[in-house]
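Computation of the quantities below employed the complete heavy-atom set of this structure, encompassing side-chain atoms and omitting hydrogens, waters and symmetry-equivalent molecules.
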Amino acid sequence: MAATFALYRYSMLQNDLLLQAARGEQVKRPPVWLMRQAGRILPEYRAIRDRLKDFKELVTTPHLAAEVTLQPVELLGVDAAIIFSDILVIPEAMGLPYEMVEKRGPWLATPIRSEQDLQKIHLANVDSDLAYVAEAIRLAKRELRQRVPLIGFAGAPFTIFAYMTEGSGSKTFSKAKQVLYQQPALAHQLLQMITASTIAYLKMQIAAGVDIVQIFDSWAGILSPTQYRVFSLPYLAQICDAITEVPLILFAKGAFFALEDFAQLPCQVIGLDWTIDPQTARRQTHYAKTLQGNLDPCALYADFDTIRKETRQMIAAFGPQRYIANLGHGVYPDTPPDHVRCFIDTVKNWA
Ligand code: CP3
């Protein structure tokens, strides 16, 4: 029954290379998209963004969020759209709002550091507090007209925990890690609340129409392997167990040490950053998963010939099957769109 439903959902898409690759099916060429593709690399994004008060206005205005979601499909030719939003909408829906401070990044005024702080937050009520995301997804799906799949996403519980306890971005997240070492029970309570909220949120995104979801564990790399197994993996496992409707991509930046663990999770795709070489990643995931990544975003600063050479080497090293071409992290805002197109076109010309 579930499988029939899945086929029905996907068979309507004109280009479903991403879903075919995620499901481990044979593809004519690897699909390609970029993390952070909807954003400041595109002048068309900046034009919309500059008219608004701030980043949050864009995130919470469904027709504008849908419009910037489609921009990379139309302007760059990627094989998937990713819904325009942010991972920090979850802390906000749990009662801890964020600000996006220009040139400095996220800011959460009252970080969670004690039992008392924990009393002030609650499980997200996704249907009411995140209704704007569901609406943006419905609009984006409609405007995509089945051209390519739409990716939904959420932050991994540990990465969300890091922002909720640190209160901002950080190089070390030492305040967040302080909570792990000094108050592990508090950490687990908060992580469990984030996990439950995230599962409900992803299920809402799926009901609204996303075809696949990605979990961003952007700060995985600040943990030791032992801490990662205690404070991140069990919560990722809960999410993977709960999301059975669509394929799931798990991207954990800096977590090369956890690839063998990821191979055991019921997720379809593992995203990789550029610090691991393709063959090692294949071996450590026992050739059992679709892999996604992992060109260094800085490689796109190179000239076109170098971009083509690096991209083709990467595809050859992963092999074109069970593979999704992407960068090893989000594209940097100062990357020329022509260079991004060169990367995308090189993948699309793979034969
Ligand atoms: O195109 C896409 O990938 C969809 C949009 C998207 C955004 N944020 C929009 C955004 C996605 C998938 C995210 C996820 C996100 N947000 C992550 C995980 C991915 C990663 O990069 O590791 C994280 C850690 C965040 C938190 C966050 N949001 C930070 C640290 C920042 C500030 C840093 C910066 O680049 O300025 C943001 C802001 C943000 N989120 C921007 C965009 C386009 C830039 C702000 C703007 O346009 O004014």
Side-chain angles (χ1 to χ4, degrees), residues 9-10 12-13 15-16 18-19 33-42 44-76 78-94 97-100 106 124-156 160 163 197-216 218 239 243 245-249 251 330-331 333:
R9 279 179 79 102
Y10 303 147
M12 320 256 299
L13 289 163
N15 168 354
D16 73 344
L18 178 77
L19 302 176
W33 69 283
L34 286 82
M35 290 185 271
R36 294 289 189 96
Q37 65 189 17
R40 289 169 296 185
I41 50 160
L42 292 173
E44 293 82 354
Y45 168 86
R46 290 175 201 243
I48 294 180
R49 174 74 176 71
D50 289 346
R51 295 204 310 258
L52 306 173
K53 182 163 64 73
D54 56 17
F55 171 75
K56 273 176 94 169
E57 188 180 348
L58 183 49
V59 168
T60 53
T61 308
H63 78 275
L64 294 178
E67 186 177 344
V68 298
T69 298
L70 264 77
Q71 285 178 343
V73 176
E74 281 159 4
L75 300 165
L76 300 171
V78 284
D79 293 311
I82 175 163
I83 189 66
F84 188 82
S85 188
D86 201 84
I87 61 170
L88 298 174
V89 301
I90 277 290
E92 184 157 274
M94 294 174 70
Y98 70 98
E99 305 276 336
M100 203 56 80
N125 186 337
V126 297
D127 291 328
S128 55
D129 296 335
L130 295 170
Y132 61 86
V133 181
E135 183 58 14
I137 288 170
R138 282 190 290 269
L139 292 174
K141 269 306 271 186
R142 193 191 307 155
E143 288 163 23
L144 277 168
R145 287 180 281 106
Q146 304 288 353
R147 280 171 286 176
V148 293
L150 180 61
I151 306 169
F153 72 90
I160 297 296
Y163 283 106
S197 301
T198 301
I199 290 171
Y201 180 45
L202 291 169
K203 288 198 179 270
M204 184 194 78
Q205 293 185 41
I206 294 164
V210 302
D211 301 287
I212 180 168
V213 294
Q214 173 156 321
I215 305 297
F216 287 91
S218 304
I239 294 175
I243 301 303
E245 303 87 339
V246 299
L248 185 143
I249 307 168
F251 170 71
V331 59

NZ/NE/NH1/NH2 to OD/OE distance under 4.0 Å, Lys56 and Asp86: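 Judged by the 4.0 Å cut-off on N to carboxylate O distance, Lys56 and Asp86 do not form a salt bridge.
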
Are [X] and [Y] side-chain neighbours, meaning at least one heavy-atom pair lies under 4.5 Å?
X	Y	answer
Leu150	Thr69	yes
Tyr98	Val89	yes
Gln37	Ile82	yes
Val148	Leu18	no
Leu64	Leu52	yes
Glu135	Tyr132	no
Pro106	Met100	yes
Arg40	Arg49	no

Compare every heavy atom of [Y] with every heavy atom of [X], then report the nearest pair and how far apart it is.
X	Y	result
Leu88	Pro91	O-CD, 3.2 Å
Ala134	Ala208	O-CB, 3.7 Å
Pro72	Val78	O-CG2, 3.5 Å
Pro149	Asp79	CD-O, 3.3 Å
Ala66	Ala140	CB-N, 3.7 Å
Pro62	Ala136	CB-N, 3.7 Å

Just verifying a value: how many Å separate [X] [atom1] and [Y] [atom2], rounded to the nearest 0.5 Å?
X	Y	atom1	atom2	result
Asp50	Ile48	CG	CD1	10.5 Å
Leu248	Phe153	CG	CZ	13.5 Å
Ile212	Leu19	CD1	CG	5.5 Å
Asp211	Asp16	CG	CG	9.0 Å
Glu92	Glu99	CD	CD	8.5 Å
Met35	Ile151	CE	CD1	10.0 Å

Exceeds 12 heavy-atom contacts within 6.0 angstrom, atom CZ of Arg142: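 No.
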
Test side chain to side chain contact (heavy atoms under 4.5 Å, CB included) applied to Ser85 and Ile137, Leu130, Thr60, Val59, the passing residue: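 Testing Ser85 for a side chain to side chain contact (heavy atoms under 4.5 Å, CB included) against Ile137, Leu130, Thr60, Val59 leaves exactly one candidate, Val59.
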
Reference residue Ile215; test side chain to side chain contact (heavy atoms under 4.5 Å, CB included); the match among Ile249, Ile87, Leu202: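 Passing option: Leu202.
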
Verdict with supporting geometry, Ile206 and Ile243, side chain to side chain contact (heavy atoms under 4.5 Å, CB included): CA-CA 9 Å; Ile206 294 164; Ile243 301 303; 3.9 Å; yes

Aromatic ring proximity, centroids under 6.0 angstrom, Phe84 and Tyr45: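 Here the rings of Phe84 and Tyr45 have centres that are less than 6.0 Å from each other.
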
Would a distance-only check, ignoring hydrogens and angles, find a side-chain to backbone donor-acceptor pair under 3.5 Å from [X] to [Y]?
X	Y	value
Glu143	His63	no
Gln205	Val213	no
Arg147	Leu144	yes

Side chain to side chain contact (heavy atoms under 4.5 Å, CB included) between Val126 and Val133, intermediate numbers included: CA-CA 9 Å; Val126 297; Val133 181; over 6 Å; no

